[in-house]
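Reading through the structure tokens given below for one structure.
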Amino acid sequence: MTDPRIDRLVAWYQPIVDLNTGKVAGFEVLSRLLADDGTVESAGKLMDELEREPEAQYALIRQLLGSICREVVPVFARRPDFYVSINIPPSVFGTGRIAPMLSSLGLEKWLSRFVVELTERQALTELGRSSIDAARSLGVAVAVDDFGTGHSGLSQFVGLDLDILKIDRSLLVDILGNRSAARMLRGIVGLAAALRMRTVAEGVESWEQAFFLRAAGVDYGQGFFWSKAVPAARIEALLHRGFAHSLDRPATHSEEMP
Ligand code: G
Ligand code: MN
């Protein structure tokens, strides 16, 4: 029997913002648990608990993809310019069960609008590599999540066929005050450029960080500075309005375009 809490999972969407234009380039799907009183809480604990339960993880991913189908696909049809990024563990993606799930949900024609996120650690396992191959053969882009936390050898990493590199928020913490942190960040941007990968900085919380990241050549940012994850009903307005600060002047927190 699958965990009854999975039925209470809802998909929320955190915008990923183009640092040069302020437009929303995509959304990361984050799962939230809906309580009886209508409030939501992070599903992080549930996810951790399910780590060793492939069937429950499968049910969870199916639930999130079902939400995307209902909530995002209608917006895909109206707006050709954004993507949706979803965390799917290799234990689910690498086993060949995702393709049938995607077709049973009628998602095949939208696969070019999907990104699957794998953590650096997951990407380097055997199952991780089969996930990357499976995603590629479906036409889904692949992002490496939490980059910089996996302690992996770069040589292993360089052999992977990836589209997007998500720079972990732990690497951002010191970029403003610590010269070697800033150099490290620039080095990662150079690595991504050499590998023809786009970059997303995660956990951006201040205007100063966002300004630095843009100057360093990072493509996109994600974090509380712009917005937390929001319910699906707000997706279209965010796409329409984007975020006003082109980063050329200090802006207030989470300022949306008028
Ligand atoms: O590892 P992954 O990138 O999938 O994690 C996303 C998590 O990061 C979510 O739980 C989300 O709520 C959290 N998050 C998103 N933006 C920020 C931020 O600006 N600061 C911090 N501390 N956490 C963030
Ligand atoms: Mn992620």
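Both counts, for ligands and for their atoms, begin at 1 and track the order of listing. Small disclaimer: the values here were computed from a predicted structure and weren't measured.
- Residue Asp146 places at least one N or O, backbone or side chain, under 3.5 Å from an N or O of ligand 1.
- Counting only heavy atoms, the protein never gets under 4.0 Å from atom 10 (O) of ligand 1.
- Distance check: Lys23 NZ to Asp81 CG gives 7.5 Å after rounding to the nearest 0.5 Å.
- Atom 6 (C) of ligand 1 has Leu30 CD2, 3.9 Å as its closest protein atom, hydrogens excluded (heavy atom only).
- In terms of distance to the Mn ion (ligand 2), the nearest N, O or S atom of Glu28 is named OE2.
- Checked by atom type, the side-chain pair Glu28/Asn87 shows a donor-acceptor distance below 3.5 Å.
- Ligand-side atoms of ligand 1 in range of Val204: 19 (O), range being under 4.0 angstrom from any heavy atom.
- Taken from NZ in Lys166 to CD in Gln222, the straight-line distance is 4.0 Å, to the nearest 0.5 Å.
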Next item on the list: In sequence, state the C-alpha distance, the side-chain angles, and the governing distance for Val144 and Glu120, and then conclude on side-chain contact (heavy atoms from CB on, under 4.5 Å).
Entry: CA-CA 6 Å; Val144 60; Glu120 189 182 348; 3.9 Å; yes

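- At a threshold of 4.0 Å, the pair Asp163-Arg136 counts as salt-bridged, since one of the basic side-chain nitrogens sits closer than that to a carboxylate oxygen.
- Interface of Gln14 with ligand 1, defined as ligand atoms under 4.0 Å from a residue heavy atom, comprises 15 (C), 16 (N).
- As for Asp145, its N/O/S atom nearest the Mn ion (ligand 2) is the one called OD2.
- Evaluated by nearest non-hydrogen atom to atom 13 (C) of ligand 1, the leading choice among Glu117, Lys166, Arg169 is Arg169.
- Proximity of Leu33 to Arg8: side-chain heavy atoms (C-beta onward) are separated by under 4.5 Å at one or more points.
- Asp145 OD2, 3.7 Å is the protein heavy atom nearest to atom 2 (P) of ligand 1.
- Using cut-offs of 30° and 60° on the angle between ring planes, the pair Trp226 and Phe243 is perpendicular.
- Between Phe147 and Thr199, every side-chain heavy-atom pair lies at or beyond the 4.5 Å cut-off.
- For atom 22 (N) of ligand 1, the nearest non-hydrogen atom of the protein is Glu205 OE2, 3.1 Å.
- The distance from atom CZ of Arg79 to atom CD1 of Ile235, rounded to the nearest 0.5 Å, is 11.5 Å.
- Closest protein heavy atom to atom 19 (O) of ligand 1: Phe224 N, 2.8 Å.
- Numbered from 1 in the order shown, with element, the atoms of ligand 1 that lie under 4.0 Å from a heavy atom of Gly223 read 16 (N), 19 (O).
- In this comparison of Glu28, Arg32, Glu202, the heavy atom closest to atom 12 (O) of ligand 1 sits on Arg32.
- Here Ser85 fails the criterion, with no N, O or S atom under 2.8 Å of the Mn ion (ligand 2).
- The proximity of Lys228 to ligand 1, defined as any non-hydrogen pair under 4.0 Å, does not occur for either the backbone or the side chain.
- Of all the N, O or S atoms in Glu117, the one closest to the Mn ion (ligand 2) is OE1.
- For Trp207 and Phe211, the ring centers are positioned less than 6.0 Å apart.
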